[in-house]
Amino acid sequence: MGGDGLVPGSARLHLIDGLPLLRPDEQVFEAMIKGWRNQQLARNLSLGYVDDQERTVRAFTRHADAMPWQWTPQHVDEWSADLRAVHGCVRSTLRNYQGSVRQFCDFLTNPAYGWSDDCLRHFGTHPVQVVYDWNAATHADEAEGEPERRAFTRPELEAFFDHADEEVLRVRGKGRKGWPPAVRRSHSCGGA
């Protein structure tokens, strides 16, 4: 929070009360984007991540041909169907894109930032959350990444640590003095 009591990204930091807007749709949208950007940077998120988030929200806005205070869940449905069917996005990419829009809507609808009140004043309506559990992509599998890059499954991890424990017992059973470091290595990896 700044010395003026305003949180990074709040409407009052980006739009001056009482000042008429020449192009209200564009100006309020750009102020929202700038405010969200500042809020994300204040959270110490990386510039690359913040840029990706912004690009996604701008792409959704173009596809919906509507401003955030006009968005509906139907816009998300149509955009998601287009991304999957026409552009061939994989589930994880679609989920990331939907997550960006969800986070932007969370930001806009949070009373701490004042965007709902500002939109009501300028447009007679306000933004709402448009990405819900029922219209968002879900995780289909435990590991849906490409097989060569996926994380270990729980049974694979258990087999790995069982093997590490067996190696300690094997080395110890040979009576060699090198077995205590093997125990330390096994325990540092999460073995028993």
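In what follows, every heavy atom counts, from backbone to side chain, and hydrogens, waters and symmetry copies are set aside.
With values rounded to the nearest 0.5 angstrom, Asp106 atom CG is found 10.0 Å from Trp36 atom CH2. Between the CG atom in Asn38 and the CD1 atom in Ile33 there is a gap of 11.5 Å [rounded to 0.5 Å]. Note that NE2 of His122 and CE of Met67 are 13.5 Å apart. Values are rounded to the nearest 0.5 Å. Distance CG/Asp165 to CZ/Phe160: 10.0 Å, rounded to 0.5 Å. If you take CZ on Phe60 and OG1 on Thr56, they are separated by 11.5 Å, rounding to the nearest 0.5 Å. One finds the SG atom of Cys119 at 9.5 Å from the CD atom of Gln70 (value rounded to the nearest 0.5 Å).
Crowding of Gln74 atom CD: a count of heavy atoms from other residues, nucleotides or ligands under 6.0 Å not exceeding 12.
Side-chain N or O atoms of Gln27 include one that pairs as donor or acceptor with a backbone N or O of Arg23 at under 3.5 Å. Side-chain N or O atoms of Gln98 include one that pairs as donor or acceptor with a backbone N or O of Ala137 at under 3.5 Å. The backbone N or O of Ala136 lies less than 3.5 Å from no partner atom in the side chain of Arg95, so there is not a single donor-acceptor pair. Side-chain atoms of Asn135 come within 3.5 Å of backbone atoms of Tyr132 as a donor-acceptor pair (strictly under, hydrogens ignored).
Between Phe123 and Trp69, the ring planes are parallel. Angles under 30° get that label, and only those over 60° would be called perpendicular. Classified by interplanar angle (parallel below 30°, tilted 30° to 60°, perpendicular above 60°), the ring pair Phe104/Trp71 is tilted. Aromatic ring orientation, Tyr113 versus Phe107: tilted (interplanar angle from 30° to 60°).
A salt bridge between Glu54 and Lys34 is absent, with no side-chain N of the basic residue lying under 4.0 Å from a carboxylate O of the acidic one.
Residues Trp115 and Pro68 are not in side-chain contact: their nearest non-hydrogen atoms beyond the backbone lie 4.5 Å or more apart. Residues Asp52 and Ser100 form no side-chain contact, since every pair of their non-hydrogen atoms from C-beta on lies 4.5 Å or further apart. Inter-residue side-chain proximity for Asp51 and Arg37 is flagged as met; some heavy-atom pair is nearer than 4.5 Å.
Both Leu47 and Leu45 are members of a single hydrophobic cluster when ILVMFWY side chains are connected at heavy-atom separations under 4.5 Å. No continuous path of hydrophobic side-chain contacts links Phe29 to Val50 [ILVMFWY only; heavy atoms under 4.5 Å].
The minimum heavy-atom distance between Arg91 and Thr138, with the atom names listed, is CD-O, 4.4 Å. Contact detail for Val130 and Val101: the closest heavy-atom pair is CG2-CG1, 4.2 Å. Heavy atoms only, all atoms of each residue included: Leu94 and Arg84 are closest at CD2-CG, 3.5 Å.
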